[in-house]
2 protein chains.
Amino acid sequence: MFVPAGSEDMKASIAVKEASAGDEHDHEACRALGQILDRVGDKWTVMAVGALSKGPLRFNALMRTIGGVSHRMLTLTLRGLERDGLVTRTAYPTIPPKVEYELTPLGRSLIEPLRVLSGWAIENRPAIELSRAAFDRAGE
Amino acid sequence: MFVPAGSEDMKASIAVKEASAGDEHDHEACRALGQILDRVGDKWTVMAVGALSKGPLRFNALMRTIGGVSHRMLTLTLRGLERDGLVTRTAYPTIPPKVEYELTPLGRSLIEPLRVLSGWAIENRPAIELSRAAFDRAGE
DNA sequence: CAGTATCCGATTGGATACTG
DNA sequence: CAGTATCCAATCGGATACTG
């Protein structure tokens, strides 16, 4: 299974041990997955990576491409990605200023896993929506 | 790229059109990915799916296996997964009550994409942590 | 153009207590 | 044992206004 990024390390470890006889993708996978979902699961990170997957973009171009993101959140999102080594930020000291963002190799390596997930999403969204509708109908 | 699940459909559509000449995983992929990340990117959903990937579990077993999740949040998480057709809930009207949760075929089909992502996470977490440390050091 | 700061409403999620 | 309801602190994220 996948263990949380949270604080209960010891308790969780024991629980996992108990429950996981014969499991190969345990524990470490869980914590790691929890962590990147914390990183990537926010409102705009994946959009930013997706927008940059086609090549470098300037701040405002990125903002228009993503659509619906506030100035503030895009800045914060990019700062986080830069911190984690997924994008580079290159500022040209011209007037007016010009700043380009580009995926690093590490950032590009994330595209494929995300594409797998989006493939699943596209394929299964209809089923999910049907299930939701049925569930909500059942609840009157 | 990957379009947001938000409200700016038309604007985003136009922006994407402009920016995406020659892109194959566009638009629909973006919205779909945004949506499942909203579904799966919360604090506990992935943990629950991971815990159930080995077989059905009762509520409290699930709680112990995941570790660190509150009673309330596990209930909400499972309700969401049930609504989306990713898990089934089976209540045995015994005393004391016994409720089993189990992944549906749809839920199981999500495991593989998640494993791809967790593979990426395991492989690249060290690089990310180094980058973070360097970034934070640079900021004094 | 890019980035920062402030404000504030909305959402998240834990603790707790109560029900069948 | 499983689920629900209430309360509340913390975080998230949009709007706005200001700086180089």
Side-chain angles (χ1 to χ4, degrees), chain A residues 4-8 11-12 34 37-48 51-52 56-83 87-102 135 138-140, chain B residues 4-8 11-12 34 37-48 51-52 56-83 87-102 135 138-140:
Chain A
S7 43
E8 297 291 7
K11 276 193 244 169
L37 283 181
D38 271 1
R39 167 91 283 286
V40 131
D42 65 73
K43 206 172 174 188
W44 299 112
T45 294
V46 166
M47 302 298 164
L52 289 171
L57 283 175
R58 297 177 54 179
F59 186 89
N60 278 351
L62 209 37
M63 197 159 162
R64 284 189 302 274
T65 302
I66 292 174
V69 62
S70 69
H71 194 157
R72 176 177 173 272
M73 286 316 296
L74 184 55
T75 307
L76 291 178
T77 300
L78 290 168
R79 221 44 89 239
L81 287 168
E82 190 192 358
R83 182 168 108 101
V87 309
T88 54
R89 174 183 182 279
T90 315
Y92 301 94
T94 57
I95 286 183
K98 169 177 156 178
V99 181
E100 275 207 340
Y101 291 91
E102 182 171 16
F135 187 92
E140 266 76 48
Chain B
S7 43
E8 297 292 6
K11 277 193 242 170
L37 283 181
D38 271 3
R39 167 92 282 285
V40 132
D42 65 74
K43 207 172 174 188
W44 301 112
T45 294
V46 167
M47 301 298 163
L52 290 172
L57 284 175
R58 296 177 56 177
F59 186 89
N60 278 352
L62 209 37
M63 196 158 163
R64 283 189 304 273
T65 302
I66 292 174
V69 62
S70 68
H71 194 157
R72 176 178 174 271
M73 286 316 296
L74 184 55
T75 306
L76 291 178
T77 300
L78 290 169
R79 220 45 88 238
L81 286 169
E82 190 192 358
R83 182 168 108 101
V87 310
T88 54
R89 174 183 181 280
T90 314
Y92 301 94
T94 57
I95 286 184
K98 171 178 157 178
V99 181
E100 276 207 339
Y101 292 91
E102 181 170 17
F135 187 92
E140 266 80 44

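All values derive from a computational prediction rather than experimental measurement.
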To check you understand the geometry: which heavy-atom pair defines the closest contact between A:Thr94 and A:Pro96, and what is its length? OG1-O, 2.9 Å
Taken in chain and number order and not counting sequence neighbours, the residues that satisfy side-chain contact (heavy atoms from CB on, under 4.5 Å) with B:Arg79 are A:Phe135, B:Thr75, B:Glu82, B:Arg89, B:Tyr101
Closest contact, heavy atoms only, A:Leu62 versus A:Ala48: CD1-O, 4.5 Å
Which residues satisfy the side-chain contact (heavy atoms from CB on, under 4.5 Å) test with A:Pro97, sequence neighbours excluded? none
Can you give me the N/O atom pairs linking the protein to nucleotides 6-9 of chain D at distances under 3.5 Å, or say none if there are none?
{"from": "D:dT6", "atom 1": "O4", "to": "B:Arg72", "atom 2": "NE", "distance (Å)": "3.4"}

Please round to the nearest 0.5 Å and tell me the distance separating atom CG of A:Leu57 and atom CG of A:Leu78. 10.0 Å
Flag the pair A:Arg39 / A:Leu81 as yes when at least one side-chain heavy-atom distance between them is below 4.5 Å, and no otherwise. yes
By the 4.0 Å heavy-atom rule, please label A:Tyr101 as base, sugar-phosphate, or nothing. sugar-phosphate
The side chain to side chain donor-acceptor pair (under 3.5 Å) partners of A:Thr45 (sequence neighbours excluded) come to A:Asp42
B:Asp42 CG to D:dC12 P: how many Å, rounded? 14 Å
Can you measure A:Leu74 atom CG to D:dG14 atom C1' for me and round it to whole angstrom units? 13 Å
Side-chain touch A:Val69/A:Met63, heavy atoms, less than 4.5 angstrom: yes
Nearest heavy-atom neighbours spanning B:Thr77 and B:Trp44: OG1-CB, 3.6 Å
For DNA chain C, note the earliest and the latest nucleotide, 5' to 3', having some atom under 4.0 Å of a heavy atom belonging to chain A. C:dC1 to C:dT6
Name the stems with DNA chain D in them: runs of three or more consecutive Watson-Crick or G-U pairs, distances under 3.5 Å? C:1-20 with D:1-20
note: A:Lys43, atom NZ; D:dG14, atom C1'; distance rounded to Å ~ 8 Å
Starting at OG1 of B:Thr65, measure out to CE of B:Met47 and round the result to the nearest 0.5 Å. 12.5 Å
Distance check, rounded to the nearest 0.5 Å: B:Thr90 atom OG1 versus B:Lys98 atom NZ? 10.0 Å
Let me know, please, whether A:Pro97 or A:Thr75 comes out on the 5' side of the other along DNA chain C by nearest nucleotide. A:Pro97
